[in-house]
Amino acid sequence: MNLLPVFALSLLLCCPGLRAQEALKPRYLDPAAPVDERVEDLLPRLTLDEKLGLVHADSKFCTAGVPRLGIPKMWMSDGPHGVREELSLDSWRPAGRTDDFATWMPASIALASTWNPALAVAYGGVLADEARARNKHIMLGPGVNIQRSPLNGRTFEYLGEDPWLVSRMAVGTIRGMQAGDVAACVKHFAVNNQEVDRGKVNVEVDERALREIYLPAFEAAVREAGAWALMGAYNKFRGQYCCHNATLLNRVLKEEWGFRGLVMSDWGGTHSTAEAVRDGLDLEMGTRSAYQDYYLARPFRAGIEKGEYPLALLDDKVRRNLRVLFAIKGVDGRPAGTINTRAHQAAARRVAEEGMVLLKNSPTLLPLDLSTIKRIAVIGDNALRLGALGGQSSGMKAFYEITPLAGLLAYVAGRADVTYSLGVLAPQHQRFEALAFDVTGAALAPAQPSPAPESTLNAAELADRAVAAAKAADVVVFVAGLNHERNQDTESSDRLALELPYGQPELIARVAAANPRTIVVLVAGSPVTMDPWLEQVPAVLQAWYAGMEGGNALASILFGDANPSGRLPCTFPRRLADTAAHASGLARHYPGEAGTVHYDEGLLVGYRWNDAKAVEPLFPFGFGLSYTTFGYSGLNILPGGEGGALATVECEVTNTGTRAGAEVVQLYVEPVAPAVARPVRELKGFDKVLLQPGEKRTVRLALGPRAFSYYSVERKAWVAAAGEYRIAIGRSSRDLPLGGLFVLAAPVETR
Ligand code: BGC
């Protein structure tokens, strides 16, 4: 006999009102009940159509929900850099609203360049606060695909070329986001390493490279950070589309890693009902507006009715979707969000400052001393160009955007003359919507001066004018780089070459000849080459796309209020042929031949290629200068350690200069005479330490079994082979002053 009504009635009699209502409340509405119990309580209450409404899109960015039972639509938003503007429900057109401005954080690659996982947590936290304020349940990020080719148009949206670095930054971001009751959707699973033909290209990659290079960040996202959602990639992997790929989704993600959240398709990345049903997709999102015709809508229903698909397959997908919604308190009412707070602005600025990488500074021109400077010539399209809205899905409407020019002007504040010249003819800016709001949310005047100030001049006149301005100045800040136009740093297309466009290389050379005190600031989201000007200029700063506080961050770096501490998350090659994907020049390796791209370089991606092939990079992975200097000493390698570590490595770092600064201590493991092929060295630990002048600190890094392991295809396990390993420590993959041996006495196998 079901005693619940009797119990409820007796409650009602003795304590009327609220408590009685509570007692009648179904279990799935009880915020205190465990998530799985709530899911199991709700599932049998759903009709077939209600279940189906949870596994496919109901508009461009939401599912249907079950209003009858108080289950809200589940809303998602791009993307990695902030909450995207609102789009029309059924098309990619902007919804035209004025309440959808958000904090524009620095691009993911800038975040990666901070090498500071704690900042990634803060970054994720900002996104979550603003997502809640905009009623979004899932943020479509972070993007963790490995940089295989420096031409990949989405390099700026990802976290670099090294699995360990990408994993650490992704785990931080996800934790920050999900602690704020917003689910992260880690994308794009997997091997989506180019935009050319992304919708259909098939990727062939050997199992070791897959496991050791391309999957670790996804694995860490799931197993360590507990990411609630993953997005399938557009491309195929070993012949099957990634959005319903039995190997990736069922075998690896769900069986091996025990993923209990949901897999959503990339928009329009689903191609078959049967495969979507059986091969691991849980939520079909798309760009078509006939939502009832989606593969997981009517065709799925028809298949269930005909007995082709067991209901259990639908129930599993529904459970996964509901689990996510309950886990983030999507049914209970989440704490109110906040948007564009001073804390968010400060986080954006801090990431921008810590992410900028000083590539060159000799003779020591930076930091600039304003007391000795009367005239500053700022040159370049990127000094004034707005970047927030570009690059497609990661674009967003920033509350404001401090351009490099605006930041420098604000910093100098009349203490020196600042002139501006465009210098080059770049394509017209697309939409640049940026409003300025104060922290109370009241709108201020538009933040930007109107662009194209010299629009009537031709290329030669623009260049001459810039050279003349350079000549007349004490110092030149040339803000060069790329932008989010097609074939640059953008989704849907790859770059065509590594060189800077629009004649910038030639103009930088002319400007530097006119004024040797020329600083080149690169606003770009991927590596560029620096011919013929690198030797000519004394200083180069990689600023990336630095978010809405970028100009302020730039000024504080150039004038020394902040000491650069960013390190490259990817190798800067001397030429395209120096990178693994492009070395052969064969279409087979990039962008694919007869529909397939073969990752024949295997493990040798990024610096692993340079090290194995003895190819000198322009700037190595992990590189970045500081305004101070650091000394390394006292290497100590101890067996064992916390959390099942096989070894614990200690060393001392000293700030040997006169300014406070942060050093990124990097640890690489180099197997000595391995029995199976291994990269020369691999990053397996790092720590960022802030040191006052003269301060010395002990850095301690624990190395677990994975730090020594390769993936054994035969054993389907990670094997740390017994033998010798050299531990190398230093400030980049090619500047490793400390080294010592560690001997692993017996092999260790993990899964
Ligand atoms: C992109 C995804 C994005 C989605 C929704 C796709 O084209 O590849 O990264 O999240 O669109 O905007």
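Each ligand, and each atom within it, is numbered from 1 in the order the structure gives. Throughout, residue positions are numbered sequentially from 1 according to the sequence presented. Note that the coordinates shown come from a computational prediction; the quantities given were computed from them, not determined experimentally.
- Between the Tyr234 side chain and the Trp267 main chain, a donor and an acceptor come within less than 3.5 Å of each other.
- Under 4.0 Å from ligand 1, the heavy atoms of Arg154 that appear belong solely to its side chain.
- The residue among Met231, Gln392, Met139, His188 with a heavy atom at the shortest distance from atom 9 (O) of ligand 1 is His188.
- Residues Asp266 and Lys187 are not paired through a salt bridge, judged by the lack of any N-O separation under 4.0 Å between the basic side chain and the carboxylate.
- Each of the atoms 2 (C), 3 (C), 9 (O), 10 (O) of ligand 1 lies under 4.0 Å from some heavy atom of Lys187.
- In this structure, a donor-acceptor pair under 3.5 Å is absent between the side chains of Arg301 and Thr273.
- Contacts of Arg84 with ligand 1, taken as heavy-atom pairs under 4.0 Å, involve the side chain alone.
- Under a 4.0 angstrom heavy-atom cut-off, Met264 registers as lying outside contact with ligand 1.
- Using a 4.0 Å cut-off between a side-chain N of Lys or Arg and a carboxylate O of Asp or Glu, Asp293 and Arg288 do not qualify as a salt bridge.
- Phe156 and His484 have their aromatic ring centers within a separation under 6.0 angstrom.
- Looking at Gln392 and Ser492, their side chains do bring a donor and an acceptor atom within 3.5 Å of each other.
- To the nearest 0.5 angstrom, Cys242 atom SG is 12.0 Å from Asp279 atom CG.
- The contact set between ligand 1 and Tyr234, taken as ligand atoms under 4.0 Å from a residue heavy atom, comprises 6 (C), 7 (O), 8 (O).
- Near Trp92, with a cut-off below 4.0 Å to any heavy atom, the atoms of ligand 1 are 12 (O).
- Interface of Leu140 with ligand 1, defined as ligand atoms under 4.0 Å from a residue heavy atom, comprises 10 (O).
- The distance from ligand 1 to the heavy atoms of Arg198 drops below 4.0 Å at these ligand atoms: 7 (O), 8 (O).
- Contact annotation: for Glu157 versus ligand 1, there are no heavy atoms closer than 4.0 Å.
- By the side-chain hydrogen bond (donor to acceptor under 3.5 Å, both in side chains) test, His589 is found to be paired with Ser584, Asp600, residues two or more places apart in sequence or in another chain being considered.
- Below 3.5 Å of separation, one finds no N or O of Trp267 facing any N or O of ligand 1.
- The shortest contact between atom 7 (O) of ligand 1 and any protein heavy atom is with Glu491 OE2, 2.7 Å.
- Using a 4.0 Å cut-off between a side-chain N of Lys or Arg and a carboxylate O of Asp or Glu, Arg97 and Asp100 do not qualify as a salt bridge.
- The protein atom (non-hydrogen) at minimum distance from atom 5 (C) of ligand 1 is Asp78 OD2, 3.2 Å.
- With respect to atom 8 (O) of ligand 1, the closest heavy atom belonging to the protein is Asp266 OD2, 2.7 Å.
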